[in-house]
Amino acid sequence: MIYANTCAACHGAQLQGQPNWRERLANGRLPAPPHDRSGHTWHHPDAVLFDLVKNGLVPGRTAPPGYQSDMPAFGSTLSDEQIVEVLAYIKSTWPSDALRMQKEVTEQQQRR
């Protein structure tokens, strides 16, 4: 499974994220957030989620200007299809209300 081999080391085998993920580390960066309902992954449209996995957090595009993160870019190690599969797996764990809200955010972005 791609998620287990690529994402779980930071985001957790159960998508739980790292402890205290909302509190900055000594280096000023935030720990890896959860991808379950308790996190904020479902707040982002599909295109942003895809970009985050493929290119990592890019200040000014997928993160605030000047933001630094430990999120690596997987574009050189995962195909676009594999990235879509990882995101589909993550979404498969969300409750229906989170799925519905994430779909609405995606549709709003597509209309822009």
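Numbers for residues simply follow the sequence, beginning at 1.
In this structure, M101 CE and S96 OG are separated by 9.0 Å, a value rounded to the nearest 0.5 Å. In this structure, OG1 in T106 is found 10.5 Å from CZ in R111, a value given to the nearest 0.5 Å. The line from CG of L78 to OG1 of T6 is 5.0 Å long, rounded to the nearest 0.5 Å.
For R22, the side-chain contact (heavy atoms from CB on, under 4.5 Å) criterion is met by no residue, not counting sequence neighbours. N5 is linked by a side-chain contact (heavy atoms from CB on, under 4.5 Å) to nothing, counting only residues two or more places apart in sequence or in another chain. Listed by chain and number, the residues in a salt bridge (charged side-chain N to carboxylate O under 4.0 Å, His left out) with D36 amount to none (sequence neighbours excluded). For the side-chain contact (heavy atoms from CB on, under 4.5 Å) test, residues two or more places apart in sequence or in another chain that qualify with Q18 are C10, P31, A32. H40 meets the side-chain contact (heavy atoms from CB on, under 4.5 Å) test with W21, P33, H43, H44; sequence neighbours excluded.
Applying the ring pair (Phe, Tyr, Trp, His ring centres under 6.0 Å) test to residues at least two apart or on different chains, none of the pairs has a partner in residues 48-86. Screening residues 50-73 for salt bridge (charged side-chain N to carboxylate O under 4.0 Å, His left out), with sequence neighbours left out, gives R29-D70, D51-R61, K54-D80. Legend: salt bridge (charged side-chain N to carboxylate O under 4.0 Å, His left out) pairs involving residues 3-12, not counting sequence neighbours: none detected.
The backbone N or O of E107 sits nowhere less than 3.5 Å from a side-chain atom of Q109 that would complete a donor-acceptor pair.
For the residue pair R24 and G28, the shortest heavy atom distance occurs at NH1-O, 2.8 Å. Residues E23 and L30 share a closest heavy-atom pair of C-CD2, 3.8 Å. Of all the heavy atoms in A13 and Y3, the pair that sits closest is O-CE2, 4.3 Å. Listed here is the closest heavy atom pair of G66 and P59: N-CB, 3.7 Å.
With hydrophobic clusters built from ILVMFWY side chains whose heavy atoms lie under 4.5 angstrom apart, V48 shares a cluster with I83. Taken together through direct or relayed side-chain contacts under 4.5 Å among Ile, Leu, Val, Met, Phe, Trp and Tyr, V105 and L99 form parts of separate hydrophobic clusters.
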Query raised in the report: Where do L49 and T41 land on the side chain to side chain contact (heavy atoms under 4.5 Å, CB included) test, with the steps shown first?
Result: CA-CA 8 Å; L49 295 177; T41 307; 3.6 Å; yes
With side chain to side chain contact (heavy atoms under 4.5 Å, CB included) as the test, would you mind laying out the steps for L57 and L52 before giving the verdict? CA-CA 5 Å; L57 283 172; L52 286 168; 2.8 Å; yes
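For CD of Q82, the number of neighbouring non-hydrogen atoms (other residues, nucleotides, ligands) closer than 6.0 Å is greater than 12.
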Scan the side chains in residues 85-94 for donor-acceptor partners under 3.5 Å anywhere in the protein, sequence neighbours excluded, and list what turns up.
{"residue": "K91", "atom": "NZ", "partner": "D46", "partner atom": "OD1", "Å": "2.5"}
{"residue": "K91", "atom": "NZ", "partner": "D46", "partner atom": "OD2", "Å": "3.3"}
{"residue": "K91", "atom": "NZ", "partner": "Q102", "partner atom": "OE1", "Å": "3.4"}
{"residue": "S92", "atom": "OG", "partner": "Y89", "partner atom": "O", "Å": "2.6"}
{"residue": "T93", "atom": "OG1", "partner": "I90", "partner atom": "O", "Å": "2.7"}
{"residue": "W94", "atom": "NE1", "partner": "H35", "partner atom": "O", "Å": "2.7"}

